[in-house]
Amino acid sequence: MLDIKLIRTDPDAVKAAIARRGESTSAIDEVIGLDTRMRAIGTERDDIRAEVKQISKQVGALHKEGRADEASELQATSRELGDKEKALSDEADELHVQIRSLLLRVSNMPSPDAPDGLTEDDNVELRVEGFDPASYAPHQRVPHWDIGDELGILDVDRAVRMSGSMFAMYRGAGARLLRALINYGLDRNRDAFEEVRPPTVVKTETMIGTGHLPKFADDAYHLERDDLWAIPTAEVPLTSMVAGEILDEGDLPLRLMAHTSCYRREAGSAGKDTRGLLRVHEFDKVELYAFCTPDQAEAMHTEILERAEGAIRDLGLAHRVLDLACGDISGAGARTYDIEVYAPGAERWLEVSSVSWCTDYQARRANIRFRPAEGKGTEFVHSLNGSGLAVPRVWAAIVETGRQADGSIRLPEALHPYLGGMTEIPAAG
RNA sequence: GGAGACGUGGCCGAGCCAGGUUGAAGGCGCUUCCCUGCUAAGGAAGUAACGUCGCAAGGCGUUCGUGGGUUCAAAUCCCACCGUCUCCGCCA
């Protein structure tokens with residue numbers, strides 16, 4: 001959520017920032033109008049409330065002295081004031097609700113450093129590593145869904161039979177590889193990040209905190225009977241962990257990581273890029289997360305990016321890093337780096353991590369503050385997140401990249417300790 | 001799921017059953033100061049967040065789980081919801 005005070009004092013700057021995303025700014029204007037009215041009404045209401053309080057004290061005193069008849073006159077006055085107060089109060093509350101619901105749908109302001117542009121074509125490629133299109137042998141040009149069938153390590157057909165399209169099932173060495181990736185993803189960040197295993201089904205309020213609701217309700221699975229939501233990413237419960245709390249500056253940065261399943265309806269994406277593991281409704285992911293002070297944020301953003309990229313690099317996968325253009329940054333982010341791996345069999349770049357700096361946008365929604373060591377009062381924290389390891393697409397890239405001439409899969413050295421010494425998945429036969 | 005008890009400030013804990021000057025006693029913790037060779041002990045003062053108005057000092061308002069209601073006035077009375085605990089039931 002944006003800062004209403006900033007909207008009041010510098011509406012043009014806010015609108016200019018929002019416009020960089022290609023988003024309409026009409027909600028901002030609407031908010032300004034409603035806010036002006038709400039404050040005028042609020043002041044009037046507060047004055048009346050103060051008067052009622054004064055009168056009530058007098059009434060109390062009069063009753064004590066046994067002068068009830070004098071009190072009844074004051075009571076009548078106060079009753080009238082009370083009616084007025086109620087009307088004003090209702091109006092102010094109504095305005096407040098309107099303002100909040102408008103504000104909840106406005107995205108974060110992109111950082112001034114984020115590249116201009118509205119589509120993914122405007123993203124800036126920061127670096128490419130380990131990628132040489134000419135280097136791939138024909139046996140590496142087999143898509144993972146075919147490899148999965150051939151080796152019995154990925155069973156999409158049966159998964160679809162039990163759950164519908166865009167679900168997958170890992171089997172045998174494939175399932176073990178998945179588990180290895182998760183442990184690898186967690187262990188390499190254990191030096192600085194606390195491991196958390198949060199609930200994966202959460203309340204509406206929790207989804208609002210990160211910005212996934214109300215705007216993106218269609219993208220999430222909703223358990224209607226209990227009004228609970230299946231999380232699309234561990235970012236949701238991790239943000240909520242300290243919702244409503246005031247942290248000590250000494251506790252910052254607070255680094256957390258979590259492995260969870262993630263659930264996404266992927267509304268509107270049926271049919272495109274959905275084969276195999278390219279896009280699935282349920283997947284495993286290790287998420288890296290941090291709360292910090294505004295001063296620490298930039299360094300933290302770099303740290304998470306480096307950790308996420310390091311995990312990919314150490315698996316020996318070709319990848320590139322993109323600095324997302326304003327229009328391609330998700331709602332809560334101010335600046336986002338994407339990491340994409342190259343899958344030679346599927347012949348495309350696959351997004352495996354989105355490292356976002358959300359400034360105080362989520363903190364404001366979830367009401368997470370810190371008490372500065374120097375000075376007084378409280379300040380909103382900054383929140384940052386990024387996938388430390390998103391399983392399906394990394395799994396796909398490993399299997400395609402590692403495929404050898406005989407059809408066996410060479411497994412990255414970094415994973416060997418997590419595979420009980422297994423160094424390759426044998427060819428079919 | 002059934003029955004009961006409970007939900008107060010950073011923490012503990014009064015107040016609620018007899019509604020009134022209670023942002024809320026007392027204690028702990030914390031901060032500053034005094035005393036002291038140092039430490040301990042002791043003494044004094046201070047110690048919430050948010051909104052709004054104001055250059056500021058400060059004023060006003062909101063918040064005693066959450067939301068409604070009764071009343072001139074609600075931490076205190078009534079209702080609903082959420083949560084915690086105990087007992088029963090069920091269960092990996």
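Numbers restart at 1 for each chain; the letters A, B, ... are given by sequence-line order, proteins then strands.
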Please name the nucleotide paired to B/G1 by Watson-Crick or G-U wobble geometry with both distances under 3.5 Å, or report none.
B/C88
Any donor-acceptor pair under 3.5 Å linking the side-chain atoms of A/Glu235 with those of A/Thr210?
no
For the pair made of NE2 in A/His96 and P in B/C50, what is the distance, rounded to whole Å?
15 Å
Whole angstroms only, please: what is the CG-C1' distance between A/Asp93 and B/C50?
15 Å
For atom CD1 of A/Ile48 and atom P of B/A73, their distance in whole Å
13 Å
Donor + acceptor pair across side chains of A/Asn385, A/Ser356 (<3.5 Å):
no
Checking B/G51, B/U21, B/U52 against the side chain of A/Thr43 (C-beta onward), the nearest is B/U52
Out of B/U52, B/G20, B/G61, whichever nucleotide has its closest atom nearest the side chain of A/Ser56
B/G20
Can you say whether the rings of A/His281 and A/Phe167 are parallel (under 30°), tilted (30 to 60°) or perpendicular (over 60°)?
tilted
So if I take every side-chain heavy atom of A/Ile246 and compare against B/A49, B/G61, B/U21, which nucleotide ends up nearest?
B/A49
Please determine, for B/G9, whether a Watson-Crick or G-U wobble partner exists with both distances under 3.5 Å, and give it or none.
none
With a 4.0 Å cutoff (strictly under), does any side-chain N or O of A/Lys53 reach OP1 or OP2 of B/U22?
no
CD of A/Glu205 versus C1' of B/G65: gap in Å, rounded?
13 Å
B/G69, B/C72, B/G61: which one has an atom nearest the side-chain heavy atoms of A/Lys86?
B/G69
Nearest listed nucleotide, side chain of A/Val59, among B/U21, B/G61, B/G20
B/G20
In whole Å, what separates the P atom of B/C79 from that of B/G27?
36 Å
Paired nucleotide for B/G23 [Watson-Crick or G-U wobble; both distances under 3.5 Å]
none
May I ask you to verify if any side-chain N or O of A/Arg371 is less than 4.0 angstrom from the OP1 or OP2 atom of B/A49?
yes
So what's B/C17 paired with, Watson-Crick or G-U wobble, going by both distances under 3.5 Å?
none
Distance test, side-chain N/O of A/Arg39 to OP1/OP2 of B/U52, below 4.0 Å:
no
Nearest-angstrom distance, P atom, B/A3 to B/A80:
13 Å
Counting only Watson-Crick pairs (N1-N3 plus N6-O4 or O6-N4) and G-U wobbles (N1-O2, O6-N3), all under 3.5 Å, who is the partner of B/G29?
B/U47
When rounded to whole Å, the CD to P distance for the pair A/Gln58 and B/A73 reads 14 Å
Is any side-chain nitrogen or oxygen of A/Thr378 closer than 4.0 Å to OP1 or OP2 of B/C50?
yes
Take atom CD of A/Glu245 and atom P of B/A48, then tell me their distance rounded to the nearest Å.
20 Å
B/C64 -> Watson-Crick or G-U wobble partner, both distances under 3.5 Å, gives none
Both distances below 3.5 Å, Watson-Crick or wobble geometry, any strand: find the nucleotide opposite B/G37.
none
Looking only at atom C1', what distance separates B/C77 and B/G15, rounded to whole Å?
15 Å
Please report the distance separating the C1' of B/A74 from the corresponding atom of B/C64, rounded so that it comes out in whole Å.
11 Å
A/Gln58 and A/Gln54: side-chain donor and acceptor closer than 3.5 Å?
no
Nearest-Å distance once atom P is located in both B/G67 and B/U8:
16 Å
Let me know the distance between CD of A/Glu51 and C1' of B/G61, rounded to the nearest Å.
14 Å
Regarding A/Tyr337 and A/His301, is there a side-chain donor-to-acceptor distance under 3.5 Å anywhere?
no
Gap in Å between the two C1' atoms, one belonging to B/U47 and one to B/C11, rounded
14 Å
When you compare B/U84 with B/C30, how far apart are their C1' atoms, in angstrom units rounded to a whole number?
28 Å
Do NZ/NE/NH1/NH2 and the carboxylate oxygens of A/Lys215 and A/Glu23 come within less than 4.0 Å?
yes
Do A/Tyr184 and A/Asp314 have side-chain N/O donor and acceptor atoms under 3.5 Å apart?
no
Can you find a side chain N or O atom of A/Arg369 that sits less than 4.0 Å from OP1 or OP2 on B/C50?
yes
Under 3.5 Å side-chain donor-acceptor pair for A/Thr239 and A/Tyr289:
yes
When both distances are under 3.5 Å in a Watson-Crick or G-U wobble arrangement, the nucleotide paired with B/U52 is B/G59
Atom CZ of A/Arg45 and atom C1' of B/C53: how far apart are they, to the nearest Å?
13 Å
Let me know, please, whether A/Glu379 or A/Gln75 comes out on the 5' side of the other along RNA chain B by nearest nucleotide.
A/Glu379
When the P atoms of B/G51 and B/C88 are compared, how many Å lie between them, rounded to an integer?
48 Å
